[in-house]
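Here the structure comes first, spelled out in structure tokens, and everything after it is commentary.
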Amino acid sequence: MIRDTNKWLIFQHRFQQIIQLSDDTIGQNRLVYSPNWVAAQTALIQFGQQIGLTAMVDNYGNVYLDLPGKDDRVIATGSHIDTVINGGKYDGLYGVLGGLQAVDELKERFGTPQHTLRLISFSEEEGSRFKATFSGSKYYALHQSVKDLTDSEGVSFEHARSTAVSHLQSLNDVIVKRPVIPDSFTELHIEQGPRLVTSHDQIGLVSGIVGQRRYTITVQGQSNHAGTTPMNNRHDALQTAVILIAALERRAHELSDSLTFTVGQLTVTPNVSNVIPGTVHFTVDIRHADDSVLNHFEQIINERLTQVADPLTKVTAKRYVKDLPATFDSTLLSQNQQLAEQLGLSARVMVSGAGHDSYVMSQVSPTTMIFVPSEGGISHAPNELTHPADLKAGINLLMASLHAQAY
Ligand code: HGY
Ligand code: MN
Ligand code: MN
């Protein structure tokens, strides 16, 4: 286990090196295919090659670092390298570098494994730059590709992808390849919520993930003069949006207290103080362990859009994410339960409220996740924090799990 301080210093060094690559205005910004993202994937490839791993990059910029085994089975671990805007240091990156640490230490202590050990750094999970989530793991696992998307500056996904990926694929000794699906996948990740800290558990053993849906709602009213337009003669898109958001939030509470409802993004046009807003776009993110609850709430959204008070203000909804609830592999989970016990780690079984690449990987390979506590339950924010002892505990359990599977 990570007893060797030198090994722990190496982990911290790698972590700091990648953290510093972000244009750290507030928090971490490593949006897919951005220069920060290219620099991070480049650094990761070099970390892997420095310890003798075989580096592969596919056409979506997923990075694979293999410790070849004696047969053709593959045991994989990994997470995503991208971040939300102004995100935290640990979401995604902890699973990538924690996975590399585990493979590094297993290689040093046990040599060549029976089955290949693979560390995967998925290109994109968050959907922060382009309105598509899990594009990296969906490309790898489901051979799905992204079509006709542009970012907020009008840069196409295809242009950003080809520019960034050609750089990675031109690096020394990088093999251009999308490797085979592994025989199992384990993702190490921060919990991003308050439950482990509240229950004082060191480890979360994840049995599944809630379903999630994301929508863009467009409210089309009529821009007009803020001073001369009588209050009873307005088609104010923002007023309609605010009333709609409050009504939907109330209905979400009424439907189920475990249904999460979030409006994370809202844009007003023309967004100047002396013009009545003509157009408003906002996002809705809903999540629940039971897909029928999400179906029910989607009906509520569609009904509510038709009940807008002003007949001249039109409201439309477009769903761009529909991810079903996922159930993870019970054998891997019970193996990790035993290993946690042997390591003297307090662990609890839980369902993830956050989406993860493991949702995609669980559709093609036996999959499980290992959570470590998030201080204050905070994530997707600059003050996201997991303490070193918890970081180490997660890596140690991952190491034990990969050793049990691959050697
Ligand atoms: O939004 C999520 O659940 C994940 O952190 N991408
Ligand atoms: Mn994540
Ligand atoms: Mn995230």
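The first residue of the sequence shown is numbered 1, and numbering continues consecutively from there. For ligands, and for the atoms within them, numbers begin at 1 and follow the listed sequence. Heavy-atom basis, side chains included; hydrogens, waters and symmetry copies ignored.
For Gly353, no nitrogen or oxygen atom sits less than 3.5 Å from a nitrogen or oxygen atom of ligand 1, counting backbone and side chain alike. Residue-to-ligand polar distances place Glu125 within reach of ligand 1: an N/O pair is separated by less than 3.5 Å.
Counting only heavy atoms of the protein, atom 5 (O) of ligand 1 lies nearest to His380 NE2, 3.0 Å. The nearest protein atom to atom 3 (O) of ligand 1, hydrogens excluded, is given as Arg287 NH1, 2.4 Å; this is a heavy-atom distance.
Residue-level check: among N/O/S atoms of Glu126, OE2 sits closest to the Mn ion (ligand 3).
Using a cut-off of 4.0 Å between Lys/Arg side-chain N and Asp/Glu carboxylate O, Arg118 and Asp183 are scored as not salt-bridged. No salt bridge links Lys7 with Glu105; every basic N to acidic carboxylate O contact stays at or beyond 4.0 Å. Checked for salt-bridge contact, Arg14 and Asp104 meet the test: a charged N lies under 4.0 Å from a carboxylate O.
The Mn ion (ligand 2) has an N, O or S atom of His189 inside 2.8 Å of it. One of the N, O or S atoms belonging to His380 lies under 2.8 Å away from the Mn ion (ligand 3). Using a cut-off of 2.8 Å, one finds that Asp91 contributes an N/O/S atom close to the Mn ion (ligand 3).
For Arg214, the closest heavy-atom approach to ligand 1 falls below 4.0 Å.
Listed by atom number, the atoms of ligand 1 under 4.0 Å from Ala354 heavy atoms are 3 (O).
Asp91 and Ser379 share no donor-acceptor pair across their side chains, judged by distance under 3.5 Å alone.
Aromatic ring pairs are classed by plane angle as parallel below 30°, tilted from 30° to 60° and perpendicular above 60°; the pair Phe297 and Phe261 is perpendicular. In this pair, Phe157 and Tyr33 present their aromatic rings perpendicular. The plane angle is above 60°, beyond the 30 to 60° band.
Checking Arg214, Lys322, Lys131 one by one against Asp285, the salt bridge (charged side-chain N to carboxylate O under 4.0 Å, His left out) holds for a single residue, Arg214.
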